[in-house]
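Have a look at the structure below, then the notes.
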Amino acid sequence: MARIPAHMKDVVRERLIRAAADHFAASGFDGARIDRISTDAGFAKGTIYNYFSSKAELFGAVVEYGAKLAVDRFEHADPGGGVRERLIALAEADVSVLREEESFIRVLVREAMAVRPDTYPIIAEHLAPFVLKASEVIAAGVAAGEVRDDRPPPQLALLFVGMLSLFYVERWATEGGWPSLEEIPELVVTSFLDGASSARRG
């Protein structure tokens with residue numbers, strides 16, 4: 001096989017990550033096979049090891065790639081304003097990844113819900129771009145008096161991310177029933193900020 005030019009390495013790496021996302025989403029971490037990922041991406045067996053030292057490192061790259069996709073989309077569309085508007089925009093960015101790049105979301109939710117000691121720390125590390133962005137938005141809400149201040153923003157950010165994941169699971173479990181993708185951002189943010197209280201918002 002011809003040596004890959006330096007300027008093509010990022011392209012090859014992305015193709016490998018995208019193929020890996022499909023395999024991890026379909027077969028889970030244990031079921032995914034490195035050689036199949038390489039060949040499905042259009043490369044020789046073992047090509048992955050020119051870019052990633054192990055399946056675990058590749059898995060982390062898949063999680064991080066999906067997280068950065070959502071953050072980049074949010075930063076492009078960030079409406080500013082209050083915490084509600086910004087969290088809805090962040091959730092909409094994540095939902096857009098689910099709509100267009102579903103494998104990346106399925107990988108994350110599938111493995112996170114399994115809470116496996118070998119993959120959960122990888123998820124926690126590589127999901128950081130999205131969790132940190134949520135924490136940043138929530139911290140601004142705390143400073144503006146829009147969000148409770150008795151819990152650290154990073155903890156609240158994890159709650160927000162967990163609620164998004166649960167709504168995705170519900171959608172998959174009902175095979176595209178409730179909730180619709182369009183409903184999820186408002187449902188998550190309303191549930192996160194207002195809970196089930198019957199009190200009217202001011």
Check whether any side-chain heavy atom of [X] lies under 4.5 Å from a side-chain heavy atom of [Y], and answer yes or no.
X      : Y      : answer
Leu98  : Ile184 : no
Ser191 : Phe167 : yes
Val95  : Ile105 : no
Val71  : Leu132 : no

So, [X] side chain and [Y] main chain: donor-acceptor pair closer than 3.5 Å or not?
X      : Y      : answer
Glu57  : Ser53  : yes
Thr174 : Arg171 : yes
Ser165 : Val161 : yes
Arg151 : Leu156 : no
Glu111 : Phe29  : yes
Glu183 : Ser180 : yes

* To do: Over 60° means perpendicular and under 30° means parallel, so classify the ring planes of Phe160 and Phe192, tilted if in between.
  =>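 Ring orientation of Phe192 relative to Phe160: perpendicular.
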
* To do: Kindly work out whether a path of hydrophobic side-chain contacts (I/L/V/M/F/W/Y, heavy atoms less than 4.5 Å apart) joins Tyr120 to Val62.
  =>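 No, Tyr120 and Val62 fall in different hydrophobic clusters.
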
* **Joint cluster assignment, Leu164 & Trp178, ILVMFWY side-chain distance < 4.5 Å** =>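 Linked, Leu164 and Trp178 end up in one cluster.
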
* Please report the shortest heavy-atom distance between Gly81 and Arg86, naming the atom on each side. =>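 Minimum heavy-atom contact is O-CD, 3.8 Å.
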
* Taking every non-hydrogen atom, the tightest pair across Val137 and Val83 ->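 Val137 and Val83 have their closest heavy atoms at O-CG2, 3.8 Å.
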
* **Steps toward salt bridge (Lys or Arg N to Asp or Glu O under 4.0 Å) verdict (Arg84, Asp194)** => CA-CA 10 Å; Arg84 187 177 301 272; Asp194 304 331; 3.1 Å; yes

Would you mind checking if [Y] and [X] are paired as a salt bridge, meaning a charged N to carboxylate O distance below 4.0 Å?
X     : Y      : answer
Asp35 : Arg33  : no
Arg36 : Asp40  : yes
Arg73 : Glu100 : yes
Glu75 : Lys133 : yes

* Residues forming a side-chain hydrogen bond (donor to acceptor under 3.5 Å, both in side chains) with Tyr65, sequence neighbours excluded ->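 Result, side-chain hydrogen bond (donor to acceptor under 3.5 Å, both in side chains) vs Tyr65: Glu14, Arg18.
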
* To do: Assess Arg106 against Trp172: is NZ or CZ under 6.0 Å from the centre of the six-membered ring, and within 45 degrees of the ring's axis?
  =>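 So Arg106 does make the cation-pi contact.
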
* To do: State whether Tyr51 and Lys9 meet the cation-pi test: NZ (Lys) or CZ (Arg) under 6.0 Å from the six-membered ring centroid, and within 45° of the perpendicular axis.
  =>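 Negative - Lys9 is either too far from the ring of Tyr51 or too far off its axis.
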
